[in-house]
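What follows is a set of notes on a single structure, which appears directly below.
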Amino acid sequence: MRKKIVAGNWKMNTTVPEGIALAKAVAEKAAQTPEKVDLIVAAPFTHLALLAPVLEGSKVQLSAQNCADHTSGAYTGEVSVDMLKSTGCTWTILGHSERRQYYGETDEKLVEKTRLALEAGLDVILCVGENLSEREAGEHFHVVTDQISSVLFHFSAEQMKHIVVAYEPVWAIGTGKTATAQQAEEIHACIREVLGSHFGLQVAEDTTILYGGSCKPSNAAELFAQKDIDGGLIGGASLKADDFIAIAMAWQSV
Ligand code: PEP
């Protein structure tokens, strides 16, 4: 059975004290959420070492939002996978569309970052998704297939056990426009098929695929009810503990 996950991406939000307060609130409420759902919060680098003890003993796991594509050395401003690991975090998001769009993150860089993260013992949430013009041109299946194969086909079936895919249509991120459950499901099914064609049916069946893009308490249950949607990567709504927990609670009715 593949894992059900609700992960919060805080992006560049919250000061350290605000982040600690938010993590405390999430950790406290996490115990109410269905047992089958894993919870993750992806906080800014500055917060990680301080959040690890706050989340310890709760079901909430800690993630970074990015990592360096080198192990150490003269890379001013970068944060290595070993540094992340030493904070107590166990995950990193990679390839978020904001990093692809604003920081020139290429699939080649993502192969390297994913490799380093896995070698350091971090699990990875790899984000993929088409932008509005690609969707309007009907290229969404092609774009997502290409992103998946360009990065994930460099890894083994064994390594895939430590990789979660997040499908995030760029036009739905932070815009209030959610993909319909059907639009999301057809891409999730396509991702599973692409994984199956390369890794075989078992890996395809076992890989958790999250939906991200204006997911909120009011639409989470419909999205999570889809056969190939295994949870959500939540941006804006993860900044309020009650909303984040309400999204996780949507699994109760599914
Ligand atoms: C995200 O950035 O990963 C995201 C899904 O954002 P939002 O939920 O705010 O659309």
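When a ligand or atom number is given, it counts from 1 through the structure's own listing order. Throughout, residue positions are numbered sequentially from 1 according to the sequence presented.
Those atoms of ligand 1 that come under 4.0 Å of a heavy atom in Ala172, given as number and element, are 10 (O). Of all the atoms in ligand 1, the ones that sit under 4.0 Å from a non-hydrogen atom of Gly174 are 7 (P), 9 (O), 10 (O). Under a 4.0 Å criterion applied to the non-hydrogen atoms of Gly212, ligand 1 contributes the atoms 5 (C).
Nearest protein heavy-atom contact of atom 1 (C) of ligand 1 is His96 NE2, 3.2 Å. Gly236 N, 2.8 Å is the protein heavy atom nearest to atom 9 (O) of ligand 1. For atom 3 (O) of ligand 1, the nearest protein heavy atom (residue, atom name, distance) is Glu168 OE2, 2.7 Å. Shortest contact from atom 2 (O) of ligand 1 to any protein heavy atom: Lys11 NZ, 2.6 Å. Among all non-hydrogen protein atoms, the one lying nearest atom 6 (O) of ligand 1 is Gly235 CA, 3.4 Å.
Side-chain N or O atoms of Asp243 include none that pairs as donor or acceptor with a backbone N or O of Lys240 at under 3.5 Å. A distance-only check finds a donor-acceptor pair linking the side chain of Thr178 to the backbone of Ser214 [under 3.5 Å]. A donor-acceptor pair is defined here as one N or O able to donate and one able to accept, closer than 3.5 Å; such a pair exists between the side chain of His154 and the backbone of Ser150.
Look at Ser238 and you'll find every heavy atom at least 4.0 Å from all atoms of ligand 1. Using 4.0 Å as the threshold, Gly213 has a heavy atom nearer than that to some atom of ligand 1.
Tyr75 and His70 have parallel rings, their planes meeting at less than 30° on a 0 to 90° scale where 60° marks the start of perpendicular.
Of the listed residues (Thr207, Leu118, Ile125, Thr208), just one forms a side-chain contact (heavy atoms from CB on, under 4.5 Å) with Ile163, and that residue is Leu118.
When non-hydrogen atoms are compared, ligand 1 lies under 4.0 Å from the side chain of Asn9 (C-beta onward) but not from its backbone. In Ser97, neither the side chain nor the backbone holds a heavy atom less than 4.0 Å from any atom of ligand 1.
Salt bridge annotation for Asp107-Arg100: present, with a cationic side-chain nitrogen under 4.0 angstrom from a carboxylate oxygen.
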Table please: side-chain donor-acceptor pairs of residues 46-56 below 3.5 Å, with sequence neighbours left out.
residue: His47; atom: NE2; partner: Thr14; partner atom: O; Å: 3.1
residue: His47; atom: NE2; partner: Thr14; partner atom: OG1; Å: 3.0
residue: His47; atom: NE2; partner: Thr15; partner atom: O; Å: 3.2

Under 3.5 Å, side-chain donor or acceptor atoms of residues 244-254 against the rest of the protein: list the pairs with distances, not counting sequence neighbours.
residue: Ser253; atom: OG; partner: Ala250; partner atom: O; Å: 3.0

